Each structure stands twice: as structure tokens, then as C-alpha cells.
K.L.:
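If you scroll down you'll find the structure; I have some questions about it.
Everything numeric in this text was worked out from a predicted model, so none of it was measured. Every chain is numbered from 1 and lettered A, B, ... according to where its sequence line falls, protein lines coming before strand lines.
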There are 2 protein chains.
Amino acid sequence: MLKLTKKADYGLMALKYLAEHPETPALSAKDVADAYGIPAQLLAKILQRLTKTGLLRSHAGMNGGYALARDARQISAYEVILAIDGPFFITSCTRGAKSCELTPSCTIKEPLARVNDTIAGVLKSISIHDLADREHGDAAAARDRQGLVTLTV
Amino acid sequence: MLKLTKKADYGLMALKYLAEHPETPALSAKDVADAYGIPAQLLAKILQRLTKTGLLRSHAGMNGGYALARDARQISAYEVILAIDGPFFITSCTRGAKSCELTPSCTIKEPLARVNDTIAGVLKSISIHDLADREHGDAAAARDRQGLVTLTV
DNA sequence: CTATATAGGACCGTTCAAGTCGTATATTTG
DNA sequence: CAAATATACGACTTGAACGGTCCTATATAG
């Protein structure tokens with residue numbers, strides 16, 4: 001429980017891979033799938049979804065494939081997960097939902113909604129660029145050393 | 001996705017309810033279930049599990065039931081979720097696991113493991129007491145005002 | 001002894017993630 | 001043009017996990 005779906009995992013891995021190969025104009029779903037040993041057809045659908053939500057740009061035909069629609073720094077893990085898995089909520093009953101099935105009995109939701117927000121905040125603070133090139137001495141590495149994101153719950 | 005199971009939800013609600021009724025020596029699973037409209041048998045098994053993990057103390061027979069084994073301040077949401085749903089990990093491949101199926105292809109896991117730790121940290125910082133009595137002017141309310149927990153990612 | 005509880009195993013239905021298949025369409029290249 | 005390569009997309013299958021019920025055994029208060 002509290003798991004990312006494999007699709008979201010695959011999506012993040014694929015975007016990271018694309019971010020690591022900025023020289024190539026486009027990489028096919030098969031290219032990426034082979035690189036990670038992911039089912040190609042499944043990854044294709046994931047990338048199609050990311051294209052529809054505007055995170056990727058696609059090009060059909062030979063030598064076609066996918067490329068990041070924006071700079072890797074401008075794409076957050078949150079966006080990717082949201083695009084693939086849809087909105088996530090820790091609790092069954094959301095704060096936004098007008099009425100939970102157990103209303104008003106479910107008094108637990110308000111505090112947990114804040115946990116939810118915290119998680120979202122963390123995911124928003126992580127970019128595809130952070131996932132890639134973690135070994136280089138850049139912002140991501142600096143974050144490693146002394147902690148960049150500070151959240152208040 | 002990234003959802004708590006209903007069982008964990010129920011467990012948190014039940015503990016909160018117990019924390020709100022410190023005067024009664026014990027509340028039966030049925031009492032709590034009725035209070036929230038939760039299936040009694042299901043809740044019973046959840047409470048049994050929490051008893052086995054030491055978060056609750058049980059007493060069979062008439063006027064029996066469950067009571068918190070510790071002060072509500074000393075029981076974290078993390079413990080409850082862990083007891084009910086087992087260890088949770090954001091990614092399929094854990095940092096602890098010696099080899100993920102995709103090793104070494106899954107290069108995404110390290111950054112996400114830190115997200116995982118962050119979430120765990122947030123859940124550890126929330127006690128059953130925080131869930132209950134949120135309206136009273138205590139630590140929980142103070143936390144509302146200016147933020148208590150500060151995490152570094 | 002009886003009513004009320006916990007304890008716990010067996011079982012079932014539904015849902016959903018994960019993956020496959022098939023087909024239509026676009027595009028490059030020979 | 002034709003063939004090869006890709007995206008686009010809907011339908012389908014399979015397996016596991018969640019949510020929930022049922023049944024039985026045991027403990028205990030009155």
C-alpha cells in the first residue's frame with residue numbers, strides 16, 4: 001500500500017532516460033523499453049498518455065519517437081504521477097469531495113489531508129532533472145549534502 | 001494510488017475514538033464500529049491485529065473490549081499503518097532489497113526512497129492524540145497555526 | 001448457564017493493476 | 001508506390017489484493 005503504480009515508475013524512468021539523452025531528437029518507446037527491460041507496448045501507452053498531457057512531444061513514423069516537451073528541470077515527478085495515475089489521495093474520502101460515505105463520522109480525514117499535501121509538495125519539488133544526473137555536482141547533489149527542500153506540516 | 005487501505009483508515013479512526021474516551025475502561029469492536037458505521041467484524045479483526053502488535057490491550061467477555069496500550073501521544077499514525085498494512089514502500093524495488101527485478105536498470109529508486117522516508121517521517125510525527133482533540137488549544141492546534149514539523153528532504 | 005466479547009481461520013466477490021493483442025494511422029526511406 | 005517503422009488507441013485477459021462475510025472456538029462477567 002501507499003505504492004506508486006508500476007506505470008508511474010516506468011513513466012519516471014522513461015522521462016529520466018529522455019532527459020539523459022538530450023542530443024537525440026527522439027527516442028522510440030521500444031528504445032526506452034529495451035534500455036530498462038520494460039514491456040514495450042505498456043510503455044508505449046504510458047508515453048502516449050504523457051504526450052496527451054503535454055509532458056512529451058511525439059513524432060510518428062520512422063526515426064520517430066518521443067522527446068521532452070519542456071526542460072527536465074521544469075517537469076516535476078508530481079506532474080508525471082498525476083498524468084499517469086490520476087489525482088491521488090491518501091484517504092478514501094478527500095477533503096475536496098463534498099461528502100464522504102461516512103460523513104460526518106470520518107473525522108480522520110482532515111489531518112491526513114495535510115499529510116497528503118506534504119507528499120504532494122515533496123513530489124512537486126523533485127524534477128526529472130533531479131532524477132537524472134544525480135552523480136554530477138549540481139543542485140541535486142547539493143541537495144544531497146545539506147537538504148534543499150524544507151516543508152512545514 | 002498512493003492510498004491508505006480502508007483497514008488502516010478504520011484502524012486510525014478506532015484508535016482516535018479510543019483516545020477520545022479515556023474514561024471508559026474498554027470499548028468493544030462493536031461500539032466503535034457502530035459509532036462510525038464500519039462493518040463490525042472487519043473492525044474486530046483490525047483491532048485484533050493492533051492488539052497483537054501491542055498498540056492495544058484487549059479483554060474478552062462481557063464489558064470487555066479494547067483500550068490503548070499506551071498514551072495516545074506515544075502512538076504514531078506510522079505504527080498503526082505499519083501494523084495493519086505492513087511495511088510500505090513507494091517503489092516496487094526497495095532501497096533495502098538487495099536486488100530489484102530491474103537492477104541495475106531501475107535508477108529511479110534512490111531518489112524515490114528519500115520521498116518514502118519523508119512520508120514515513122511525516123506519519124511518525126503524527127500521533128493518535130493529534131488526530132483526536134484537534135479542536136482543543138493544545139499542541140495540535142498550535143501546529144495548525146504555525147507548523148510544528150519541519151522536514152528536510 | 002447465558003449473554004457478550006475477543007480470537008482467528010476459511011471463504012467470496014469486486015476491483016484494479018499489469019500486460020497482451022489487434023488494428024488504424026502517420027511518416028520516413030528505398 | 002511500397003515497405004518498414006512508429007505512434008495512437010481500444011478491447012481483452014489474468015492475477016493479486018482489498019473489503020467484507022461466515023463460522024467456530026474461547027474467555028469472562030453476572
K.L.:
Suppose we screen for side chain to side chain contact (heavy atoms under 4.5 Å, CB included). Which residues come up paired with B/Glu79, at least two apart in sequence or across chains?
P.N.:
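For B/Glu79, the residues satisfying side chain to side chain contact (heavy atoms under 4.5 Å, CB included) (neighbours in sequence not counted) are B/Leu55, B/Arg70, B/Ile75, B/Ser76.
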K.L.:
Rounding to a whole Å, what distance do you find between A/Leu47:CG and C/dG19:P?
P.N.:
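About 14 Å, once rounded to whole Å.
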K.L.:
Give the rounded distance in Å between these two atoms: CD of B/Gln48 and P of D/dA27.
P.N.:
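Distance, rounded to whole Å: 14 Å.
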K.L.:
Provide, to the nearest angstrom, the distance between the CG atom belonging to B/Leu27 and the C1' atom belonging to C/dT4.
P.N.:
15 Å
K.L.:
Would you tell me if any nitrogen or oxygen in the side chain of B/Asn63 comes within less than 4.0 Å of OP1 or OP2 on D/dG30?
P.N.:
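Result: yes.
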K.L.:
On DNA chain C, nearest-nucleotide positions of B/Lys30 versus A/Leu42: which is more 5'?
P.N.:
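Comparing both residues, the 5'-ward one is B/Lys30.
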K.L.:
Test your reading of the model: is there a side-chain donor-acceptor pair from B/Ser127 to the backbone of B/Asp130, 3.5 Å cut-off?
P.N.:
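Yes: the side chain of B/Ser127 pairs with the backbone of B/Asp130.
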K.L.:
Ignoring backbone atoms, test whether A/His59 places a side-chain nitrogen or oxygen under 4.0 Å from the OP1 or OP2 oxygen of D/dT5.
P.N.:
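For D/dT5, neither OP1 nor OP2 has a side-chain N or O of A/His59 closer than 4.0 Å.
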K.L.:
Out of C/dG8, D/dA8, C/dA18, which nucleotide sits closest to the side chain of A/Lys7?
P.N.:
C/dA18
K.L.:
Any donor-acceptor pair under 3.5 Å joining the side chain of A/Lys45 to the base of C/dT20?
P.N.:
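Under the 3.5 Å cut-off, the side chain and the base do form a donor-acceptor pair.
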K.L.:
Would you say C/dA7 has OP1 or OP2 under 4.0 Å from some side-chain N or O of B/Ser58?
P.N.:
yes
K.L.:
If you define the side chain from C-beta out and look only at heavy atoms, does anything of B/Asp71 sit under 4.5 Å from B/Ile128?
P.N.:
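Heavy-atom side-chain distance check fails, nothing below 4.5 Å.
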K.L.:
Between atom CD1 in A/Ile46 and atom C1' in D/dT7, what is the gap in whole Å?
P.N.:
15 Å
K.L.:
Between the protein and nucleotides 1-3 of chain C, which nitrogen or oxygen pairs are less than 3.5 angstrom apart?
P.N.:
none

K.L.:
So does B/Tyr66 get a side-chain nitrogen or oxygen closer than 4.0 Å to the phosphate oxygens (OP1/OP2) of C/dA7?
P.N.:
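Checking C/dA7 against B/Tyr66, a side-chain N or O does come within under 4.0 Å of OP1 or OP2.
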K.L.:
Anything under 3.5 Å between a donor and an acceptor, one on a side chain of residues 42-52 of chain A, the other on a protein residue two or more places apart or in another chain? List them.
P.N.:
residue	atom	partner	partner atom	Å
A/Arg49	NE	A/Ala83	O	3.2
A/Thr51	OG1	A/Leu47	O	2.7

K.L.:
If you take all heavy atoms of A/Gly11 and A/Val80, which pair is closest and at what distance?
P.N.:
C-CG1, 4.2 Å
K.L.:
Looking at D/dC9, does its base get a donor-acceptor pair with the side chain of A/Gln41 below 3.5 Å?
P.N.:
no
K.L.:
Measure from the side-chain N and O atoms of A/Arg57 to the backbone N and O of A/Ala67, and report whether any donor-acceptor pair falls under 3.5 Å.
P.N.:
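Between the backbone of A/Ala67 and the side chain of A/Arg57 there is no qualifying donor-acceptor contact (under 3.5 Å).
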K.L.:
Specify the separation, in whole Å, of atom CG of A/Leu43 and atom P of D/dA6.
P.N.:
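Interatomic distance, CG of A/Leu43 to P of D/dA6: 14 Å.
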K.L.:
If I take atom CD1 in residue B/Ile38 and atom P in nucleotide D/dG19, what distance separates them, rounded to the nearest angstrom?
P.N.:
12 Å
K.L.:
Got a donor-acceptor contact below 3.5 angstrom from the B/Asp9 side chain to the B/Lys6 backbone?
P.N.:
no
K.L.:
What is the nucleic acid contact for A/Ala44, judged by heavy atoms within less than 4.0 Å: base, sugar-phosphate only, or nothing?
P.N.:
nothing
